[in-house]
Amino acid sequence: GRPEGFNVDLTRAIARQLDLDIEIRLGPWPEIQRSLSRGDIDAVQGMLYSTRRDLAFDFAAPHTVINYVAVIQTGKGPVPVGLDDLKNLDLVVQQDDLMHDYLVEHGLTERLSLADTQQEALRRISAGEADCALVARLTAMDLIVQQGWDNLEVGQRPLLSPGYGYAVPPGHQALLSQFSEGLKLLDQTGEYRHIYQQWLGVYEEAPATLMAFLRYAIIVLVPLGLLLLSSALWSWSLRRRVAQRTAELGQSA
């Protein structure tokens, strides 16, 4: 029940910089958007930008880019990388998330189901209740480790990469300017980078595969082999010239 995470630490750091009195509330994402529209809350810590949302809210300059990818069960075929790949699949996304808007915009709603959270969307894929979830890649990687979902495969190519930042109701430009100023101050002091690295910057590398090992071996060994071959040829040529010159000197003597 106590808010924590990247957004929370970032907002609290801005509040300290600018001496702001803030209260951070938790809630379902659809209700958060409705509260912001009604003016019941002053700002949202993080909202993905879209032209449709820009008509309803005012956005600060994005401080992060979020890559949205497809997630499927391991062994259930290639991970979708485009709209055409999503057709004829049972899809699940978080309700009122940007990917929900994206699928509605492109008419991919016939086999679409909605989840309250991205965690719930991933759980459904792990349980085999749907074919594909569309979620933020960093969120997926973190939840897979937390929940032990080792039967999920996360796409590497983003379907969408929107900007992410603070949003306020229309007419609250003064507050938006304060958040923008606070972000600049955190960037100058290095605190933004520290918060980012703490929450989003470190992930355990995937185990190296045989193909990856061979690829890196070729990258290293081929230039090294060429260098050694060139050195051997140069040494052989030098010895031959020395032997030839020595023979010429012997004949002249």
Side-chain angles (χ1 to χ4, degrees), residues 3 5-15 17-18 20 22-70 80-83 86 91-109 112 114-118 121 133-140 155 157-187 192 195-196 199-200:
F6 171 70
N7 285 338
V8 174
D9 282 3
L10 195 62
T11 300
R12 286 175 175 162
I14 291 173
Q17 285 282 350
L18 302 180
L20 298 176
I22 63 169
E23 176 189 358
I24 299 176
R25 303 177 187 174
L26 300 175
W29 180 241
E31 178 56 33
I32 289 174
Q33 289 195 74
R34 288 191 291 268
S35 297
L36 189 64
S37 297
R38 295 192 301 262
D40 296 338
I41 56 178
D42 297 310
V44 168
Q45 295 185 105
M47 182 179 284
L48 296 165
Y49 178 87
S50 72
T51 53
R52 186 187 69 82
R53 289 178 174 180
D54 196 27
L55 298 175
F57 308 110
D58 289 336
F59 287 80
H63 55 74
T64 309
V65 173
I66 303 296
N67 293 311
Y68 268 76
V69 296
V81 295
L83 282 172
L86 299 176
L91 306 173
V92 57
V93 297
Q94 182 181 9
Q95 183 177 353
D96 291 339
D97 185 44
L98 191 67
M99 290 308 296
H100 184 190
D101 298 341
Y102 183 72
L103 295 179
V104 171
E105 179 184 347
H106 290 88
L108 294 175
T109 59
L112 174 65
L114 303 177
D116 290 335
T117 64
Q118 294 194 16
L134 304 178
V135 296
R137 181 162 58 199
L138 287 176
T139 300
R157 186 183 302 178
L159 294 161
L160 207 61
S161 298
Y164 182 75
Y166 289 90
V168 300
H172 289 62
Q173 288 296 328
L175 179 60
L176 202 61
S177 297
Q178 286 184 302
F179 282 114
S180 297
E181 179 185 352
L183 282 169
K184 290 181 180 178
L185 291 172
L186 294 183
D187 186 50
Y192 174 82
I195 295 171
Y196 185 93
W199 289 102
L200 304 176

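Proximity of Leu185 to Leu18: side-chain heavy atoms (C-beta onward) are separated by under 4.5 Å at one or more points. Within the 4.5 Å cutoff, the side chain of His63 has no heavy atoms near those of the Tyr196 side chain. By the 4.5 Å heavy-atom criterion applied to side chains, Arg12 and Ile22 are counted as neighbours. Side-chain atoms of Tyr164 and Leu98, non-hydrogen and from C-beta on, never get closer than 4.5 Å to each other. Side-chain contact between His172 and Asp58 is absent, with no heavy-atom pair separated by less than 4.5 Å. Side-chain contact between Tyr68 and Arg137: absent, with no pair of heavy atoms (C-beta onward) separated by less than 4.5 Å. Inter-residue side-chain proximity for Tyr102 and Val93 is flagged as unmet; no heavy-atom pair is nearer than 4.5 Å.
Aromatic ring pairs are classed by plane angle as parallel below 30°, tilted from 30° to 60° and perpendicular above 60°; the pair Phe57 and Phe59 is perpendicular.
Residue Ala115 comes nearest to Ala121 through the heavy atom pair CB-N, 3.7 Å, listed as atom of the first residue, atom of the second, then distance. In plain terms, the two heavy atoms of Trp29 and Gly46 that are nearest each other are CH2-O, 3.8 Å. Shortest non-hydrogen contact noted between Ile32 and Gly27 is CD1-O, 3.2 Å. Smallest separation of non-hydrogen atoms from Met99 and Leu160: SD-CD2, 3.9 Å. In plain terms, the two heavy atoms of Arg25 and Ile41 that are nearest each other are NH1-CG2, 3.9 Å. Nearest heavy atoms, Val135 versus Ala140: CG2-CB, 3.8 Å.
For Asp187, there are no side-chain contact (heavy atoms from CB on, under 4.5 Å) partners two or more places apart in sequence or in a different chain.
For Arg34, the CZ atom is densely surrounded, since the number of other residues' heavy atoms within 6.0 Å is greater than 12. For Asp40, the CG atom counts as densely surrounded, since its 6.0 Å shell holds more than 12 non-hydrogen atoms of other residues, nucleotides or ligands.
Side-chain contact, Gln173 with Ser177: no donor N or O sits under 3.5 Å from an acceptor N or O.
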